[in-house]
Protein chains: 2
Amino acid sequence: MLVNAGQTRGRRPTTDHAAIERAAFRLFAERGFEETTVDAIAEAAGIARRTLFRYYPSKNDIPWGRFEAGLAHLREFLRAMPHDIPVWRAVHRAVLDFNRLDEAAVPQHRERMRLLLTTPALQAHSALKYAAWRRVIAEYVAVRRGLSPDDLLPRTVGHVSLGMALSAYEQWLDSEDLSLSELLDSALSGLRLYLCEDHDGRHPAAGGG
Amino acid sequence: MLVNAGQTRGRRPTTDHAAIERAAFRLFAERGFEETTVDAIAEAAGIARRTLFRYYPSKNDIPWGRFEAGLAHLREFLRAMPHDIPVWRAVHRAVLDFNRLDEAAVPQHRERMRLLLTTPALQAHSALKYAAWRRVIAEYVAVRRGLSPDDLLPRTVGHVSLGMALSAYEQWLDSEDLSLSELLDSALSGLRLYLCEDHDGRHPAAGGG
DNA sequence: CGAATTGCGGCATCGAGTGCAATAAGGATT
DNA sequence: AATCCTTATTGCACTCGATGCCGCAATTCG
């Protein structure tokens, strides 16, 4: 959609994703997501309903913003990762990078994630977005291990990495005073300890975090 | 809905969940999920469209069958688990039990899961079901660790356990010749090895599976 | 029989999403 | 400037899932 950014031919667009998103988020904040109709968003953005659907395939996609671009960046980050560190560590660094935030962007991102993680319709829709994210992780693990992205381990790592990220996000929304990076680190180290507990309930030292 | 099973007052039901499910699955197999309208299912089941929605809150809920009952069983299984085994092991046993299958039920369950895991609308809707499943796991971990189900570790374990189960299921649908239990075991042991790889890429022995 | 209870189903309505075709708004060409 | 080409916007009709409302059907109980 932005490939034709320098385009000079034909009628010029009267709006863009950012403008629609602004209008939408304002309404979502006022009335809630489910209570906001597509017609209302279109009217607030000053465009026709039909036009809105040309910018976003569905109402559920509006809060997701430019997720695809983030995926491309994640893929690139992983490709550039040195091969002499353990796969789990490379994946974790990539997850941290993917969820890095400018201080200024925090409130907006918080509101976006609150919407995505607490609205049932969006919780459901997000599963489709998450699948693409997991796939990026699985492809990296597959390369590092000489497997197919459809094999068990790559898929498992995709699911598990996503799971840690989501629990960190849920905690981040609940808490207020913890940073996302800290929570992602805690989720990983917590899981490592959890999975290493031996039969007698003792926790062996698990180095690195 | 089945609480009033022994009821004798009033008009008797003309159908039940099983009959609707049979009609629906037949149509899903013939034409696919998205291509099957609710009207078609109602007609095939010999009831009115409006009646169907009294049995199932949505079309997406039909393939899920009696999931709530399974959750109650999972909760009970975990409660009965001895406290002298590591939490991760107790959770893993519960996951195995939750996904245990009679040999005879395999083809039907396969078809159900194929539908749930490959149909976009159902992949999305399933996220809402999964949340309840994760909650059961999180509550168990919370009890064992003296935490709240809303704390980071219980939530993480919920997400991660679900992730392992889903990757095992995806593999199960792809493969054909591997049992679900084997795949669940492999997912767990694979993850333990993955997370224990040290900085030099060596795999220390990780006992137990 | 009549009253109370419970399930069924028709009807109207809403909201998301889609296909199609008309129209508006620019630049390029002659 | 008139015309053509290209691209974006928009209106319209339609499908489908979902819901509220209300009357009807069937059954038991007094």
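Here the structure is a predicted model, which is why all the values come from computation and not from measurement. Naming: A, B, ... by sequence-line order, numbering from 1 per chain.
Summarising the geometry, the separation between CD on A:E35 and P on C:dA16 is reported as 11 Å, rounded to the nearest angstrom. C:dT18 atom P lies 10 Å from atom CG of A:D61, rounded to whole Å. Rounded to whole Å, the distance from CD1 on B:I41 to P on C:dG9 is 16 Å.
Backbone-only contact: A:T14 has heavy atoms under 4.0 Å from sugar-phosphate atoms and none from a base.
With hydrogens and angles ignored, the 3.5 Å screen pairs no side-chain donor or acceptor of A:E139 with any backbone N or O of A:P149. With hydrogens and angles disregarded, no donor-acceptor distance shorter than 3.5 Å links the side chain of B:R114 to the backbone of B:L173. No donor-acceptor pair under 3.5 Å is formed between the side chain of A:W133 and the backbone N or O of A:L71. Under the 3.5 Å distance criterion, the side-chain polar atoms of B:T51 are left unmatched by any main-chain donor or acceptor of B:I47. Of the possible donor and acceptor atoms, none in the side chain of A:T119 sits under 3.5 Å from a partner among the backbone N and O of A:L116.
Relative orientation of the A:H109 and A:W172 rings is tilted, given thresholds of 30° and 60° on the angle between their planes.
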Polar-atom pairs under 3.5 Å, protein N or O versus N or O of nucleotides 15-18 of chain D: list them with distances, or write none.
| residue | atom | partner | partner atom | Å |
| --- | --- | --- | --- | --- |
| D:dG17 | OP1 | B:V38 | N | 3.4 |
| D:dG17 | OP1 | B:K59 | NZ | 3.2 |
| D:dG17 | OP2 | B:V38 | N | 3.1 |
| D:dG17 | N7 | B:R49 | NH2 | 3.2 |
| D:dA18 | OP2 | B:K59 | N | 2.8 |
| D:dA18 | N7 | B:R49 | NH2 | 2.3 |

Heavy-atom contacts, protein to nucleotides 20-30 of chain D, under 4.0 Å, summarised as B (base), S (sugar-phosphate only) or - (none) per nt, yield BB---BBBSS-

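Judged as a salt bridge (Lys or Arg N to Asp or Glu O under 4.0 Å), the pairs with a partner in residues 148-161 of chain A (not counting sequence neighbours) are, in order, A:R135-A:D150, A:D150-A:R155, A:R155-B:E170, A:R155-B:D174.
Considering only side-chain N and O atoms, B:Y55 lies under 4.0 angstrom from the phosphate OP1 or OP2 of C:dC8.
Side-chain contact check for B:Y140 and B:R144: at least one donor-acceptor pair (N or O, by modelled atom type) lies under 3.5 Å.
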